[in-house]
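What follows is one structure encoded as structure tokens, with my remarks underneath.
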Amino acid sequence: MMLRYEFLFLFLLAPSLATLAVAYQSNGKPSPPIRKVAIIGSGICGLTLAHALENSHQSESCRIESHIFDSRKSLDFNAGAGIQLTGGLATLRKINPNVHKSVVKAGLPLRRIKSRCKPWFQSLDKKPFSPLLELDLKESIESAGGLAEKELIVHGKVQACAIMRGALQETLLNTLPKETSSRVNFNKLLTGIRTENSNGIICQFNDGSEAGPFDLVIGCDGINSSVKEFVNTGIITKGGRKESTLYSGIRIQYAVQDGKNDNDVNNVEYSELVQYFGDAAYSLAGIYGAGEGRKPTRGAFLIFKDPDWNGPFKKKGAMNDSKVGENADWTQDVESVGSLMYNRIKECQVPDVQVGEIVKNADRFFELGVYFHNPLSLSGWSQEVRDSGNRFVVLAGDAAHAMPPFLGQGSNQAIQDAFCLATKIFEHNANVASLEQGGGDSDKRPKSLKTLLKEYETTRWFPTASITFKSAFLGYLETGEKGFLSMFRDTFFFVAGKVGIARSVFLDAAIPKL
């Protein structure tokens, strides 16, 4: 069923693919070499891209000067929840093995993923939960063999770790070359893009300042992206248009319990992530690395349906007229979220074997609404800036394909975007150098920058669109209402674990698509 919908997606996207074919045939004026880029956003995608452009084996022969601009006052390393890295971790190793090692040290090896539900026969079963499925990651990867084993097992070690989002950002920032990190600028909300006598692209910011000229502007500025608005409309209003995002009708509350000296998780050597299904809600509990030399962190998620929404559609007579915000800045709310989270766990009969304790002892809470981008948008991920001298803006990470988090792939796909895009940029520079030196086949014109950016989009579009669909499907399935829907969900996961569907879905998302 899921594959059938994915082919429907491709059918509906046929007009965009036709446009892509025309772009490949274009023999317009060549773009200049890319020497200086503006990266809008210093999240996981933006920082990884800076590494790929200035701190990778590809950059040794052609380093590209990266300038990073972020609308926030600074990076708050306590903000955000825990994430799992799989294909993203494997991709970091391709970018820079030393950065990969630092991330591995900051995280915890992830060994298993488990799903459990409230007892099926509560009057007979004295256990607090019934097991549904369990994935041993190394066993699953080795049994699949082939590309999965080649990409996800290196020197006998599985490329999977659990790490706090803030710890990953901190590690990526601290491992940047000194000169690169000195070009990270905060309090810079992109409000405009203009050109300067065909010599490049000028970025304009909310404080009245400008920067540039740049040969390329890369939007890594998240779901409410200013750069995406420019790609879609050719203008920027007030830091991006929220109309480009879709509200799923699903909300997430997070509880984070920092590691302490008397904490029983201090000596753990690996992590397991465990789902607990209840009625119209489920939780996820795990232990995450908080940075090299720091005590591990406990994290708990509670995912539930917004009572005023049926999926992406508002209910008639809804009590609340507004949507829950994305909370992209991870604003903390300790008192109200904590009490609501614990009460909802009880009301939805979510087994609180691990989750309840984390919520009671949590140091921080967050809440956000789950938003995503429509992967069938015909605007594409790149746009030539008029009168810039054949220069472009391009999207990566959540700015290109924000997806629901229910397969744990957002950060992984962002890292893969960064690698793939950087590879195309270096290929463009090599083509320009070859032309300038008179090399190559004179009858075979090298690919234009426009074509290379479209190739990047094509390479990354299908895997991210597929994950977006599957993740949305899982989100609605996993928050099944009390009665038939929750029983169907539990049965589905039990069968999926037995016949290998769960393993296939995990591996398909985890294997890098570069």
Side-chain angles (χ1 to χ4, degrees), residues 33-72 74-77 85 88-89 91-103 106 163 165-188 190 200-201 203 205 211-222 225-227 381 392-400 410-429 453 456 460 514:
I34 296 173
R35 303 299 186 200
K36 185 177 179 182
V37 304
I39 299 174
I40 310 300
S42 65
I44 292 168
C45 184
L47 293 173
T48 303
L49 187 56
H51 277 289
L53 294 175
E54 295 203 55
N55 192 32
S56 68
H57 71 88
Q58 294 183 96
S59 68
E60 291 175 358
S61 58
C62 179
R63 180 169 292 186
I64 297 168
E65 184 177 301
S66 304
H67 294 253
I68 304 176
F69 303 94
D70 197 289
S71 62
R72 293 168 290 184
S74 64
L75 289 181
D76 182 359
F77 300 129
L85 286 182
L89 188 63
T91 303
L92 280 174
R93 186 173 178 273
K94 298 177 187 291
I95 294 173
N96 188 311
N98 291 326
V99 175
H100 170 268
K101 288 178 183 177
S102 296
V103 171
I163 185 171
R165 179 181 296 274
L168 176 57
Q169 287 184 293
E170 182 180 25
T171 304
L172 291 173
L173 181 63
N174 290 344
T175 52
L176 281 174
K178 200 172 196 180
E179 59 194 85
T180 308
S181 60
S182 69
R183 297 194 295 269
V184 179
N185 305 274
F186 293 101
N187 279 319
K188 296 290 183 180
L190 184 70
I201 304 170
C203 293
F205 301 99
F214 297 105
D215 299 311
L216 184 70
V217 175
I218 306 171
C220 303
D221 48 340
S225 167
S226 298
V227 183
W381 293 4
F392 288 77
V393 297
V394 62
L395 305 174
D398 280 353
S411 297
N412 290 285
Q413 300 307 312
I415 292 170
Q416 292 174 55
D417 284 357
F419 176 86
C420 187
L421 178 56
T423 299
K424 294 301 181 182
I425 292 172
F426 285 118
E427 182 178 346
H428 168 70
N429 284 350
L453 293 179
Y456 150 70
R460 298 295 306 140
L514 304 172

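Keep in mind that the numbers below use all heavy atoms, side chains included, and drop hydrogens, waters and symmetry copies.
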Tell me, do Leu190 and Phe205 make a side-chain contact under 4.5 Å, heavy atoms counted?
yes
Counting distance only, does the side-chain N/O of Asp70 pair as donor-acceptor with the main-chain N or O of Gly41 below 3.5 Å?
no
Using the rule side chain to side chain contact (heavy atoms under 4.5 Å, CB included), only one of Ile64, Thr180, Ile34 pairs with Leu53; which is it?
Ile64
Ser411 side chain near Leu85 side chain, heavy-atom distance below 4.5 Å
yes
Is the shortest heavy-atom distance from the side chain of Leu92 to the side chain of Leu172 under 4.5 Å?
yes
Mind checking whether Thr171 and Val99 have side chains closer than 4.5 Å, heavy atoms only?
no
Cys45 to Ala418 - nearest heavy-atom pair and separation:
O-CB, 4.1 Å
Are any side-chain N or O atoms of Asp215 and backbone N or O atoms of Lys36, one a donor and one an acceptor, separated by less than 3.5 Å?
yes
So CG of Leu47 and CD of Gln169: to nearest 0.5 Å the spacing works out to 6.5 Å
Please tell me if the side chains of Ser56 and Phe419 come closer than 4.5 Å, counting only heavy atoms from C-beta onward.
no
So do the side chains of Leu514 and Gln416 get within less than 4.5 Å of each other, counting heavy atoms only?
yes
Taking atom CD of Gln413 and atom OG1 of Thr91, what is their separation to the nearest 0.5 Å?
8.5 Å
Can a donor-acceptor pair be found, under 3.5 Å and without considering hydrogens, that links the side chain of Arg93 to the backbone of Leu89?
no
Side chains of Ile95 and Asn55: closer than 4.5 Å at any heavy-atom pair?
no
Kindly indicate whether the side chain of Ser226, heavy atoms from C-beta on, has any atom under 4.5 Å from the side chain of Ile40.
no
